[in-house]
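By convention in this document, chain letters (A, B, ...) are assigned in the order of the sequence lines, proteins followed by strands, and residues within each chain are numbered from 1.
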Amino acid sequence: MAALTEEQTLIRDQARAWVTEQSPVRKFRQMRDEKAPLSFHADDWQAMIDMGWTGILVPEKYGGSELGYLTLGIVLEETGRQLTASPLLASAGIGAAALLVAGSDEQKQRILPGVVDGSNVVTLAVEEGPRHDPRQLSLAAMSRDDGLSLVGEKTMVHEAMAATHFVVAVRTSGHAGDENGMTLVLVDAESEGLTLSPLSTVDSRGYASLSFSDVKVSEEQILGSVNSAYVHLEQILDRARAATAAEMMGTAAQAFDMTLEYLKTRVQFGQVIGSFQALGHRAADLFTEMELTRSCMEGALQAIDAGREDVPELCSLSKTRTGEFIHHMSNELIQIHGGIGMTDEFDAGLYLKRARPLEAAWGNQAFHRDRYARLLGF
Amino acid sequence: MAEDLTSFRTQVQAWLSEHFPSSLKSNAAGIMEAAFSENGLSADAEQWRQSLADAGYGAPTWPKEYGGAGLSDSQAAVLSGEMANVGAFNPIPGLAGMGVTMVGPTVLEYGSEDQKLRHLPGIASGTVRWCLGLSEPNAGSDLASLTTKAQDDGDTWIVNGQKIWTSGADRSQWCGALVRTDASAKKRDGISFLMLKMDQPGVRTRPIKLIGGASPFCETFFDDARAEKDDLLGPLNNGWSVVKRLLQHERQSQTGAGAPSGSGSAALSIQDLAKKYVGTTESGELADADLRSRLTSHLMATKAHAMTGSRIREEARGKVEVSAAASILKNSATIVAQVRSELTIEMMGNQGLGWEGDDFTPEELATVRGWLSGKAISIYGGSFEVQKNIISKNILGLPETTQKG
């Protein structure tokens with residue numbers, strides 16, 4: 001844990017207490033079993049708004065507290081521990097980041113106060129194919145009268161069913177693969193021609209694909225300038241990666257704690273299984289990996305807060321290392337628990353199923369290793 | 001606080017410009033090589049050593065009365081930063097063998113006032129070199145099964161037995177040795193930590209040649225060797241506590257992941273070295289995609305290791321506890337250093353297979369030797385596996401079954 005300020009420590013303790021008491025993993029299970037249409041509990045979401053979590057990134061003049069990315073990460077880590085589902089990451093994290101990076105003052109003034117009070121849920125729509133590759137995006141936006149007309153598809157849009165607005169990356173010129181020719185637009189969820197299809201995913205979280213059939217976008221809905229959004233998009237995605245990594249860290253750390261507890265209590269051959277060196281060494285490896293991963297995760301968030309030059313490298317580092325760790329940890333969670341780990345009644349499976357979509361989100365390990373190498377010039 | 005550091009920094013800069021001979025600039029390897037050759041330190045290097053010793057900068061955080069400068073950790077960081085800026089190097093920790101990094105901090109903690117005054121100034125000035133007699137042929141990872149014994153004959157301790165892996169024993173003036181002082185006690189309870197002179201008839205050393213060709217370690221034989229009664233460090237039969245602390249200091253000194261000694265490729269980053277030997281595609285990527293991916297993972301591990309060291313220091317507000325974190329960092333440093341050597345050898349291809357001669361550059365040969373000598377990193381200071389035992393038992397609280405006794 002980074003050296004926290006007093007305020008950050010208070011927020012962490014509050015988050016941990018609330019998540020443990022009010023939104024433990026059995027609430028996520030209940031939501032899954034009930035197939036709740038929004039894939040989260042409205043009362044949990046309201047509680048987060050009331051605690052001020054939706055304003056952590058937002059400057060005071062737009063109604064927030066602007067405590068920064070590390071503070072948001074601290075909260076996301078705690079919600080990640082209990083698999084709490086809500087639009088916190090998607091809207092107050094990534095959606096707010098998109099507006100802060102690319103929006104004009106007028107756009108921020110129009111949207112962000114609603115993100116803070118929960119009346120707006122803003123979510124990012126980037127993905128189009130099976131693998132993350134923002135340069136390949138091809139959703140077409142044609143010029144028309146005083147704006148654009150969108151035609152195409154987006155997929156894996158997080159918390160889409162709850163969204164009031166989508167930040168959509170579109171292609172206004174050039175071809176798939178070009179960095180030039182991209183534009184970011186803010187699309188109202190009620191827009192004519194926009195169809196949402198919920199996706200049933202392995203993690204039981206809220207995702208949908210979006211179909212745009214001549215969806216009209218006015219000039220004031222364009223975030224930043226036309227054709228040159230790639231730089232902004234990368235900045236937004238890096239913030240998404242760093243914040244997602246914080247949630248992944250929490251999920252993986254809880255999986256570690258569950259595993260360690262089991263090693264200390266499960267008796268076989270007349271002794272607790274944690275006394276076997278083969279398992280003790282695996283626990284030691286996992287713990288070492290967890291500590292190294294935590295440094296990368298926190299380092300990326302701190303770099304964003306400090307406006308440092310090496311944000312892209314550190315976000316790719318963070319996303320890769322948290323991806324590696326949550327992958328390894330969620331597999332070991334099942335393996336070390338043995339048969340009970342395979343049952344739906346036990347929580348291990350929920351952690352494994354949460355892990356994979358997070359690993360893929362905003363670029364998997366392979367994507368970010370390649371990006372890291374390019375950023376380092378080889 | 002910040003103000004203090006600013007004026008201290010100015011003071012250090014002035015001191016360096018007065019005392020650091022420019023002839024020694026950025027030549028750490030040369031200084032140390034000369035120090036251990038027949039010639040010894042050059043005149044400039046000797047003068048520089050003396051200047052450091054006079055200022056207490058050889059072991060700057062030690063109290064002044066024992067040869068240090070009484071600096072805080074943050075002042076010491078300023079000192080080493082400013083020294084690095086002008087290409088200066090502190091040869092004293094190297095000259096003192098195990099003195100500055102391990103023996104000294106342990107004497108500071110466990111030693112009597114008399115012991116501190118007798119032993120620490122020689123270490124802090126780099127004039128007395130220390131080795132450590134810990135491992136024995138049959139007591140490696142299971143260190144507590146050691147059998148070298150010390151008997152009290154009334155006036156002195158009489159020491160008999162054999163130590164192994166005593167680094168620099170053939171060049172040391174003093175040895176800190178673990179000896180059995182009570183054969184009837186449980187094995188960890190009958191051990192004491194004794195300091196004895198190496199230059200005496202009862203001590204004999206024999207260098208051990210390693211796979212990399214060098215002989216950094218010795219076997220050391222004690223045959224009725226003598227130690228003074230007041231050179232027992234810490235209480236009688238309490239040597240296990242002393243050595244645990246000593247090994248934590250050792251581990252801490254091994255938590256950095258600097259280039260392995262002998263690696264002559266400091267001038268080029270490993271990715272540039274890879275490009276040089278392997279070549280690139282038209283778009284500038286390393287031509288070997290598999291190597292590129294593994295090299296990236298290695299660079300990420302290196303960065304994660306460095307960030308973890310800084311995070312732990314930051315969380316501890318400058319006071320790093322030599323305990324839990326050290327085992328994690330030691331293992332992580334080991335992986336980083338050994339993987340770097342393996343990758344470098346691999347990317348050099350046939351040029352990474354030379355032993356000696358003109359068909360290979362000195363850098364290539366040094367990389368091969370460094371790769372081989374680096375195999376020791378996961379063995380010394382508590383092996384990779386012993387560190388995992390420490391993590392699982394001391395940090396994670398899992399029950400102990402692997403270490404008996």
Side-chain angles (χ1 to χ4, degrees), chain A residues 1-4 256-257 259-261 263-264 269 271-300 302-303 310 313-314 316-325 365-366 368-378, chain B residues 269-275 278 280-281 283-287 289 291-297 299-301 303-317 324-325 327-332 335-336 384-385 387-403:
Chain A
M1 187 61 63
L4 300 182
F256 178 84
D257 289 354
T259 305
L260 184 61
E261 179 61 25
L263 288 171
K264 289 178 179 175
F269 306 103
Q271 48 195 321
V272 294
I273 60 172
S275 66
F276 300 127
Q277 196 179 39
L279 296 181
H281 280 194
R282 270 155 76 182
D285 284 342
L286 289 166
F287 182 74
T288 303
E289 198 180 336
M290 179 163 71
E291 288 300 301
L292 292 164
T293 302
R294 170 174 295 289
S295 311
C296 301
M297 180 278 283
E298 293 180 351
Q302 288 170 318
D310 55 355
E313 288 98 300
L314 290 178
S316 278
L317 174 70
S318 171
K319 192 64 185 26
T320 304
R321 295 287 301 208
T322 51
E324 275 178 25
F325 179 53
Q365 295 173 48
H368 285 291
R369 271 195 214 101
D370 174 66
R371 182 172 183 250
Y372 194 79
R374 272 189 288 115
L375 289 165
L376 265 63
F378 68 101
Chain B
S269 68
I270 191 170
Q271 58 267 39
D272 285 341
L273 206 62
K275 286 197 214 171
V278 178
T280 53
T281 64
S283 56
E285 291 170 12
L286 203 59
L291 175 68
R292 178 174 182 259
S293 173
R294 286 181 291 121
L295 179 57
T296 308
S297 290
L299 288 167
M300 286 185 161
K303 184 80 178 167
H305 174 76
M307 290 170 81
T308 303
S310 330
R311 175 168 71 86
I312 288 169
R313 277 190 294 279
E314 194 186 317
E315 285 166 35
R317 306 259 191 264
S327 291
I328 295 172
L329 291 176
K330 201 239 164 181
N331 273 4
S332 142
I335 294 170
V336 166
F384 202 67
E385 290 73 19
Q387 304 303 334
K388 290 191 196 184
N389 287 346
I390 293 172
I391 295 168
S392 71
K393 182 178 141 229
N394 296 357
I395 306 181
L396 302 179
L398 291 173
E400 171 179 28
T401 57
T402 51
Q403 290 167 276

Do A/Phe378 and B/Leu299 have side-chain heavy atoms sitting under 4.5 Å apart? yes
Which of these, A/Leu286, A/Leu263, A/Leu260, sits in a side-chain contact (heavy atoms from CB on, under 4.5 Å) with B/Leu396? A/Leu260
Chain A heavy atoms under 4.5 Å from B/Gln387: which part of the residue, side chain, backbone, both or neither? neither
One pair to check against side chain to side chain contact (heavy atoms under 4.5 Å, CB included): A/Leu314 and B/Lys303. What are the steps and the verdict? CA-CA 9 Å; A/Leu314 290 178; B/Lys303 184 80 178 167; 3.7 Å; yes
For A/Thr320, which atoms come within 4.5 Å of any heavy atom of chain B: side chain, backbone, both, or neither? side chain
Is A/Arg282 in contact with chain B via its backbone, its side chain, both, or neither, using a 4.5 Å heavy-atom distance? neither
For B/Ala301, is it the side chain, the backbone, both, or neither that has a heavy atom closer than 4.5 Å to a heavy atom of chain A? both
To the nearest 0.5 Å, tell me how far B/Ser392 OG sits from A/Phe276 CZ. 13.5 Å
Closest approach of B/Pro399 to A/Val272 (non-hydrogen atoms, all atoms of both residues): CG-CG2, 3.4 Å
If I take atom CG from residue B/Leu398 and atom NE2 from residue A/His281, how far apart are they, to the nearest 0.5 angstrom? 10.5 Å
One should read off an interatomic distance between A/Thr288 OG1 and B/Ile395 CD1, to the nearest 0.5 angstrom, of 7.0 Å
Determine, stepwise, if the pair A/Asp370 / B/Arg292 fulfils side chain to side chain contact (heavy atoms under 4.5 Å, CB included). CA-CA 8 Å; A/Asp370 174 66; B/Arg292 178 174 182 259; 2.7 Å; yes
With only heavy atoms counted, which part of A/Phe287 is less than 4.5 Å from chain B, the side chain, the backbone, both or neither? side chain
What distance separates A/Glu291 CD from B/Ser332 OG, expressed to the nearest 0.5 Å? 11.0 Å
Side chain, backbone, both or neither: which part of B/Arg311 has a heavy atom under 4.5 Å from chain A? side chain
Chain B contact via A/Gln302 - side chain, backbone, both or neither, heavy atoms under 4.5 Å: side chain
By a 4.5 Å heavy-atom criterion (distance strictly below it), what part of A/Arg369 contacts chain B: side chain, backbone, both, or neither? both
Looking at B/Gly284, B/Ala274, B/Ala304, B/Ser283, which has the largest count of heavy-atom pairs under 4.5 Å with chain A? B/Ala304
A/Glu298 versus chain B, heavy atoms under 4.5 Å apart: side chain, backbone, both or neither? side chain
Tell me, for B/Thr280 versus chain A, whether the close heavy atoms (under 4.5 Å) come from the side chain, the backbone, both or neither. neither
Would you mind telling me which of B/Met307, B/Met300, B/Glu285, B/Gln271 has the largest number of heavy-atom pairs within less than 4.5 Å of chain A? B/Met300
In Å and rounded to the nearest 0.5 Å, what is the OG to CD distance from A/Ser295 to B/Glu314? 10.0 Å
